[in-house]
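Chain letters run A, B, ... following the sequence lines, proteins first, then strands; residues in each count from 1. Basis for what follows: all heavy atoms, side chains included, without hydrogens, waters or symmetry-related copies.
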Amino acid sequence: MRISDMHGEFFLQGNYACAEAAISAGCRFFGAYPITPASEIAERMSYRLPQLDGVFVQFEDEIASMASILGASWAGVKSMTATSGPGISLMLENIGLGMMMETPCVVVNVQRGSPSTGLPTSWGQSDMMQARWGSHGDYGSIALCPKSPQEYFDLTIKAFNFSEKYRLPVFIMADAVVGHMTEKVVIPPSEELELIERKYTNKKGDQYKPYECCDDEFVPDFAKAGDGHLYHSTGLTHNEKGYPDMSVETHIKLVNRLINKIRDNSEEIILLEKRDIDDADVIVISYGITSRTVIPAIEKAKKKGIKIGYLRLITVWPFPEKLILELSKKVAGFVVAELNMGQVALEVDRCAKYCTTKWLPHPGGGMHSQSEIIKAIEEVAHAK
Amino acid sequence: MQNNAAHHPMEKYLRMDRMPHIWCSSCGLGTIVNSFMKGIKNAGIDTNKVAVVSGIGCTGRVAGYIKLDSYHTTHGRAIPFASGLKLANRDLTVAVISGDGDLFAIGGNHLIHAARRNVDMNVICVNNFIYGMTGGQNAPTTPLGAYSSTAPYGNYEQPFNLVGVAAAAGASYVARWTALHFHRLTDTIKEMAKKKGFCFLEVVSPCSTVFARKNKGGTGLDILREYKDRSIIDHEADPQKIPLGMNGEIICGVFINEDRPTFWENVQKGIEKRVVKTKNYKVIKNRESVV
Ligand code: SF4
C-alpha cells in the first residue's frame, strides 16, 4: 500500500475529492493562487502534500501557478493547478506553452458566473469554449465535466491519465456547485486505480530527440531534466530535436500533430453517458451540473408520451461530432441545456446536419427550471 | 598549423549544430554565455544536473544555445517555471538567464516573489537597457533621457535599479558586473551555482545594434571601453544607492552574500513539527478525514 493511500467511503466536498484524486493519481506538485470557488483544492493540497513529501506553493498569481506546474512536470513530477475563470484567463498563455512543449499536467477550472469577475460565489459553465480555444493558436484540447463529487474524483484520475498519455495540459471543467457540494465519495485503494504513467525514453544522451515520435506513436517519449539528455524545449515552432525551426513545413507538421494526437484518439477520450438514445425522438444534451436538472425534467416529460433520450457529455472536448451527426439522422431534434449562452449548443448545431437544435441558454447563477426544459422537449417533439 | 578557427573552446558546452547564432556581432551575450558555462564548469557540478530556463527576447535565446537541459518559455515567466522545476527536483541546479525587460517588466512580480520566498535558484539578468529583439523599444531600465524607438523624445520614465530591487525583495545574493568583467563574472556564476537561496546577478551588456545606435554609443568595442572607464568595483556598496544612468559610475561587485533559509528549508522545518506523515493516516469510514 502506498503511503498516499487514503481509501474507503467519505462524505467529501467536491473540491476535496478532486484534491484527493490528484494525490491518488500521484500528483506531488501543486501551484495555485486563491480564488473562489476553487480555493478549497489549494487548501486541501496545502494540508495533504506535505504529508507525502509533495510540494505545495501558493504563488503570486495564476500566471506563475501555471508556469510552475509546467516546470514541475519537466522535472518528472505529476502536477496540477486549480482556479476559476479569471484565473484561467491569466493562465492561458502558459497553457499554450504546455500545449506546444507537450507537457503533461492538469488544470482544474471550478467555473463561476462570468464574464469578468462575474458571480464569484455562484456557478456557471461559461468557460467551455475557453477550454477549447482559449490560448492563441490551434491545438487539440481535452476537457472533462464532472456532475458530482464522486465523478470529480474519477475524472481527476482520468485527467492525469490523459495528460500523461497524450502529453498536454488537461482541463477539468467543474463548477461552483459540484465544487462545493458534499456527497458520498468512494476512494478506491491505490492498487485498484488504473493509472497511466509517463513514457520515458530509453535512448541515451544525444541519441534522444525530444520531439521525435518513434514508430507509430502519436507523442514523443519523455525525458526529464537531469537525466543526462541535455535537450532543449521551446514554445517556438520546433523540429524533432526541439530546436526552433521557422520553416512552414515544420510548422505544418507540428501543429497538425498537436491537433491529430487528440483527434485521432477521440474515440478513446470521449466519455459519454447515454440513456434511451437509440429510439428517441428528442435527445437532451447536457454536461456537468446541468445534467442533474435535466434528468427529473426528462422523467416528467416522458409521462407525456414523448420518447426522450439523455446524452451527457463527460468529455466535452474533443467533441463527439460523429455521434451527433449520426443521431441527427434519427431524431426530431436535440435540446441543449447549459449554463452559458450557447457555447456547446452551437457545436451540437454544427454537427446535427439532419435535425433541429433547440438551445436552452442560461448565463449561470441559477439553474434551468424543469418546466422550461419540458417545454423545449415538447416544442422539438411536436415540430417533427 | 592546426586550424583552430573551426573549433570554439567552449564547443563541448554549446549546441554547435545551432550555429551560427542569431545575435548581432559585438553583442555582449556571447561573452556572458561563455562565462556562464565556464562558471558552471569551474563550480565542478555535474552538467547533467544543471537546467537553464529563459524567457523571451535576445537573452531568452540563451537556453537554445547552451548544451544543458534547457527551456525557452514564455515572456516573463522563466522564474515561476524554474521554481516548479527546482522544487520538484531539488537535486537540480537551476539557472534563469533572461533580459531586463523579461525579468523586470512583464516578469517583475515573479522576480520579487521568488526572491522573497528565497527559492534556491540563480537568476542572471542581462541588462542592455532596451528591448533588443523587438527593435529597440523602451525598457524598465532605459535611463532617463535615453532614446528608444518608443521614446523618440527621450525616455521620461524613472528606470529600475535592478540590484536595488532584488536586494529589497530579499535575495540572498546580489551582484553586478558588466560583460567586460569576464573573470569576475565567471567567479560570481561559480559562487552562485554553489550557493543556496535566491541569487541575483545583473550583467550590464552592450547592445550595439539598437541601444548604442539610438544613443550614439558607438560600436560594441566602444561600449566595452566605456564600461572600463565607468566601472568601479565596490563590494561594500549599498545596492539601493547605485542606480545606473547614461553616464556616471557603474558600481560593480557582490553586494549581498547572506545565508537565509530557503523556501524548501522553511517548508521542511514547518513540516517536521506539525505534519503527521500519511503512514498514520487512518481510513475513517463515512467520515471526512481532515484532522
Ligand atoms: S539587438 Fe542588441 S541585445 Fe539583441 S542580439 Fe543584437 S546587440 Fe545583442
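- Open room surrounds CG on D206(A); 12 or fewer heavy atoms of other groups in view lie less than 6.0 Å from it.
- Proximity to chain A is limited to the side chain of R61(B), based on heavy atoms less than 4.5 angstrom apart.
- We find the CD1-CD1 distance between I106(B) and I63(A) to be 7.5 Å, quoted to the nearest 0.5 Å.
- Comparing R15(B), K86(B), H75(B) by how many heavy-atom pairs each has under 4.5 Å with chain A, the most go to R15(B).
- Listed options G228(A), A75(A), A225(A) were ranked by heavy-atom pairs under 4.5 angstrom with chain B; first place goes to A225(A).
- For the pair R18(B) and Y243(A), the cation sits on the ring face: its NZ or CZ lies under 6.0 Å from the ring centre, inside 45° of the axis.
- Within the 4.5 angstrom heavy-atom criterion, atoms from both the backbone and the side chain of A63(B) approach chain A.
- Interface remark: L87(B) contributes backbone and side-chain atoms alike to the contact with chain A (heavy atom separation under 4.5 Å).
- Summarising the geometry of F29(A) relative to A88(B), their closest heavy-atom pair is CD1-CB, 4.3 Å, with the distance given to 0.1 Å.
- Options H229(A), K241(A), K224(A) differ in how many heavy-atom pairs under 4.5 Å they form with chain B, and the most are formed by K241(A).
- With chain A as the partner, the residue from I112(B), V94(B), T73(B) showing the most heavy-atom pairs under 4.5 Å is T73(B).
- Heavy atoms only, all atoms of each residue included: K49(B) and G226(A) are closest at NZ-O, 2.7 Å.
- The nearest pair of heavy atoms linking Q58(A) to R117(B) is O-NH2, 3.2 Å.
- Around atom CZ of F160(B), no more than 12 heavy atoms belonging to other residues, nucleotides or ligands sit under 6.0 Å away.
- In terms of heavy atoms, H110(B) sits closest to D61(A) at CE1-OD1, 3.3 Å.
- For K195(B), the NZ atom counts as densely surrounded, since its 6.0 Å shell holds more than 12 non-hydrogen atoms of other residues, nucleotides or ligands.
- Rounding to the nearest 0.5 Å gives a distance of 5.0 Å between CG of N48(B) and CG of L230(A).
- Neither the backbone nor the side chain of S54(B) comes within contact range of chain A, judged by heavy atoms closer than 4.5 Å.
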>> Working note: F56(A) + V267(B), criterion side-chain contact (heavy atoms from CB on, under 4.5 Å); need CA distance, chi angles, decisive distance, verdict.
In response: CA-CA 9 Å; F56(A) 167 87; V267(B) 168; over 6 Å; no

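- Neither the backbone nor the side chain of D245(A) comes within contact range of chain B; no heavy atoms are under 4.5 Å apart.
- Per-residue heavy-atom pair counts under 4.5 Å with chain A were compared for N89(B), I66(B), T74(B), and the maximum is reached by T74(B).
- The two residues N94(A) and R77(B) have their closest heavy-atom pair at ND2-CG, 3.6 Å.
- More than 12 heavy atoms of other residues, nucleotides or ligands lie within 6.0 Å of OH in Y173(B), so this atom counts as buried by the packing criterion.
- Of all non-hydrogen atoms in I271(B) and P50(A), the two that sit nearest each other are CD1-CB, 3.6 Å.
- Residue with the most contacts toward chain A among A82(B), G64(B), S83(B): G64(B) (heavy-atom pairs, distance under 4.5 Å).
- The aromatic rings of Y231(A) and Y71(B) stand perpendicular to each other, their planes meeting at an angle above 60°, with 30° marking the opposite boundary.
- D69(B) places none of its side-chain heavy atoms less than 4.5 Å from the side chain of W74(A).
- With rounding to the nearest 0.5 angstrom, the CE atom of M66(A) is 10.0 Å from the CZ atom of F81(B).
- Residue contact with chain B, scored on non-hydrogen atoms closer than 4.5 Å, involves the backbone and the side chain of L70(A) alike.
- Most heavy-atom pairs under 4.5 Å with chain B: of the set M101(A), E93(A), H232(A), M100(A), this distinction falls to H232(A).
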